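Chain A is the first sequence line, chain B the second, and so forth, proteins listed ahead of strands; every chain is numbered from 1. Fair warning: this is a prediction, and the values are worked out from it, not measured in the lab.
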Amino acid sequence: MTPTPLRAHALGDSAVTIVFGDERSAQLLRRVHSAARSLEAAKIPHVEDVVPAYLALTVFYDPLHASYEEISATLMAACDRATHSSAKAAQSREHRIPVRYNGMDLEAVATSTGLSVEDVIARHSGRTYTVDLLGFVPGFAYLSELDASLQLPRRAQPRPRIAAGSVAIAAAQTAVYPLDTPGGWHIIGSTQTVMFDPTRDAPALLAPGDTVRFERVA
Amino acid sequence: MITITRAPPYLTVQNGGRKHSRSFGVPRGGAMDLFAIRAINAIVGNSLDAAALEWALGGGAVRFDRDCLFAIGGATARATLSGKIVAPCTTTHAQAGEEFTVEQITSGRFLYLACDGGIDVPVLLGSRSTYLPGRFGGYEGRMLRSGDSVALGARPATHPAEGFHSAADLMPRYDSEIVHVTAGTQEDLFDESAWRTLTESDYRISTASDRTGYKLEGPALGNSLRTLPSEAGCPGAIQIPGDGLPIALMADAPTVGGYAKIAVVSEADLPILAQRRPGGSIRFQLITIEQSQRALKRRQSDIHTISQLASRSSAD
């Protein structure tokens with residue numbers, strides 16, 4: 001299948017969003033992630049940040065030194081090259097995150113899914129997840145794809161404060177809360193792993209395209 | 001050092017924000033009114049990205065613990081130094097031990113106080129800005145409270161003359177009713193009538209407005225949009241949630257979101273929106289990205305003009 005042609009759109013004065021397609025898919029996400037990594041590696045002048053997402057990536061740049069027209073042409077060409085070269089494998093990393101399955105919603109998740117607590121734990125820790133997207137708060141990684149039997153809508157009432165390190169699920173995704181924040185996901189466990197630390201060179205542990213396995217600890 | 005003797009309801013350390021950490025989910029953050037903070041840094045002879053105090057929601061007082069050339073700008077305030085009126089956008093010399101007081105912010109929302117040498121807090125992810133939701137940056141990742149002291153950087157060898165004033169026509173027209181916008185990344189999802197509503201109606205700033213976003217009140221934009229797959233947003237992006245009422249994302253907005261973005265406030269005009277209080281109204285006017293980037297360059301050149309005039313004022 002021929003990929004849809006890329007489209008560029010200005011996001012205000014300092015950013016351009018490059019759209020890769022209109023339907024979410026694992027394949028499209030890989031294209032976006034790999035293009036984002038090549039753009040990062042290319043160190044294009046006046047580019048500040050590259051933020052990949054499900055259908056598009058957004059490049060932030062300095063508009064005092066590059067106009068929208070100039071930078072969007074440069075970026076479109078670079079994305080085109082990135083998608084047509086199969087040579088460079090994206091250098092994603094594999095992570096293992098130890099989890100104590102002691103979350104306050106664990107029993108409720110078992111009840112709602114009709115599984116035993118043991119089954120919930122086994123199905124959550126029994127597969128490899130991919131980082132789809134970073135956002136919501138610093139270091140928050142949306143991980144796919146949760147076992148179909150564990151997929152529940154978000155809680156109707158979000159909680160005002162979820163502790164950093166909480167391991168949670170919602171819909172087809174799972175995540176670790178990197179900071180104390182409000183949140184509407186179901187908390188099934190906790191980890192000591194530091195997901196975000198602003199004093200580190202790479203402050204977020206996970207990057208788009210990385211893979212994660214959760215390991216049960218007592 | 002500056003010591004907070006009577007903290008206002010909101011006081012943080014800010015500068016230009018974080019421009020290289022969005023991919024980690026860290027918003028740009030920084031000053032809500034990037035023009036004002038740069039302009040007053042220029043007035044006192046600092047680098048434009050020096051850290052300053054961002055002050056809002058009411059009066060308070062701080063003490064200068066060393067001699068200092070300072071200026072205030074952004075919001076308009078009734079302010080004094082040891083009882084004498086402090087003029088806006090004007091350098092004032094404070095002696096060690098003198099107290100600067102804001103009685104009241106009379107118009108606008110965010111007042112900036114810059115001192116020569118800048119506020120010296122640790123640089124985290126390339127910036128001294130406070131990011132309150134993440135509890136990092138600035139002074140211990142939090143608002144300043146009474147009794148806190150923040151360090152100042154070394155005084156520069158030369159500095160602008162005392163009483164140097166920046167002309168009002170180099171500042172944004174904060175009273176402008178018009179806020180310019182460019183078309184957003186989901187402009188095509190909105191029909192002509194939605195666009196007419198957005199650009200021909202007055203929108204009021206809701207009380208639900210803070211550093212993360214300003215909810216706007218006015219005619220709802222007819223749309224039947226579901227949430228879209230998340231993608232990056234930016235300060236100034238106007239997103240339309242299910243109720244059809246626009247939300248303008250501001251400095252601390254999350255890096256990604258799933259609401260359709262109909263438009264983005266021109267960066268040259270974002271200070272005008274940022275300084276508008278709850279109850280105040282604005283009207284959006286669509287311009288092209290070329291016009292918007294030109295307007296931003298004019299703002300930047302106005303700041304350079306202020307810098308040059310300030311440095312020439314130096315009597316030495």
Side-chain touch A:Pro138/B:Tyr131, heavy atoms, less than 4.5 angstrom |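 Yes; the side chains approach each other to less than 4.5 Å.
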
Picking from [options], which has the most non-hydrogen pairs under 4.5 angstrom with chain A?
options: B:Ala237, B:Gly236, B:Ser21; result: B:Ser21
options: B:Ser230, B:Ala295, B:Gly134, B:Pro27; result: B:Ser230
options: B:Thr185, B:Val264, B:Val26; result: B:Thr185
options: B:Ala263, B:Gly233, B:Pro254, B:Pro229; result: B:Pro229
options: B:Gly137, B:Gly257, B:Ala183; result: B:Ala183

Quick check: are there more than 12 heavy atoms from other residues, nucleotides or ligands sitting under 6.0 Å from [atom1] of [X]?
X: A:Arg93; atom1: CZ; value: yes
X: A:Gln151; atom1: CD; value: yes
X: B:Arg173; atom1: CZ; value: no
X: A:Arg100; atom1: CZ; value: no
X: A:Glu215; atom1: CD; value: yes

Gap separating the [atom1] atom of [X] from the [atom2] atom of [Y], nearest 0.5 angstrom:
X: A:Phe60; Y: B:Arg28; atom1: CZ; atom2: CZ; result: 10.0 Å
X: B:Phe24; Y: A:Met195; atom1: CZ; atom2: CE; result: 13.5 Å
X: A:Asp13; Y: B:Asp269; atom1: CG; atom2: CG; result: 9.5 Å
X: A:Ser14; Y: B:Leu296; atom1: OG; atom2: CG; result: 6.5 Å

Side chain, backbone, both or neither: which part of [X] has an atom under 4.5 Å from a heavy atom of chain A?
X: B:Glu267; result: both
X: B:Thr182; result: side chain
X: B:Arg294; result: neither

Residue among A:Gly139, A:Pro198, A:Ala204, A:Gly12 with most heavy-atom pairs under 4.5 Å to chain B |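 Looking at each of A:Gly139, A:Pro198, A:Ala204, A:Gly12 in turn, A:Pro198 comes out on top.
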
Pick from A:Ser67, A:Ala56, A:Ala15 with the largest number of heavy-atom pairs that fall under 4.5 Å of chain B |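 Of A:Ser67, A:Ala56, A:Ala15, A:Ser67 has the most heavy-atom pairs under 4.5 Å with chain B.
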
If you compare all heavy atoms of [X] against all heavy atoms of [Y], which two are closest, and at what distance to 0.1 Å?
X: B:Lys19; Y: A:Glu48; value: O-CB, 3.2 Å
X: A:Thr199; Y: B:Leu124; value: CG2-CD2, 3.8 Å
X: A:Phe196; Y: B:Leu125; value: CZ-CD1, 4.2 Å
X: A:Leu179; Y: B:Pro133; value: CD1-O, 4.5 Å
X: A:Gly135; Y: B:Val256; value: CA-CG2, 3.6 Å
X: A:Leu11; Y: B:Ala232; value: CD2-O, 3.7 Å

Step by step, work out the side-chain contact (heavy atoms from CB on, under 4.5 Å) result for B:Glu231 and A:Tyr54.
-> CA-CA 7 Å; B:Glu231 65 172 37; A:Tyr54 294 106; over 6 Å; no

Examine whether an atom of [X] lies under 4.5 Å from a heavy atom of chain B, and if so say whether it belongs to the side chain, the backbone or both; otherwise answer neither.
X: A:Phe136; answer: backbone
X: A:Asp180; answer: both
X: A:Arg7; answer: neither
X: A:Ala10; answer: both

Under 3.5 Å, is there a donor-acceptor pair linking the side chains of A:His9 and B:Gln186?
->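 No donor-acceptor contact under 3.5 Å links the two side chains.
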
Answer yes if the side chains of A:Asp49 and B:Ser23 hold a donor-acceptor pair under 3.5 Å, and no otherwise.
->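 Not at all, the side chains of A:Asp49 and B:Ser23 share no donor-acceptor pair under 3.5 Å.
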
Checking B:Lys297 side chain against A:His65 main chain: does a donor-acceptor pair fall under 3.5 Å?
->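 Between the backbone of A:His65 and the side chain of B:Lys297 there is no qualifying donor-acceptor contact (under 3.5 Å).
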
Sidechain-backbone polar pair: B:Gln293 side chain, A:Leu64 backbone, donor-acceptor under 3.5 Å =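 No, the answer is negative, given that no donor and acceptor are paired below the 3.5 Å cut-off.
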
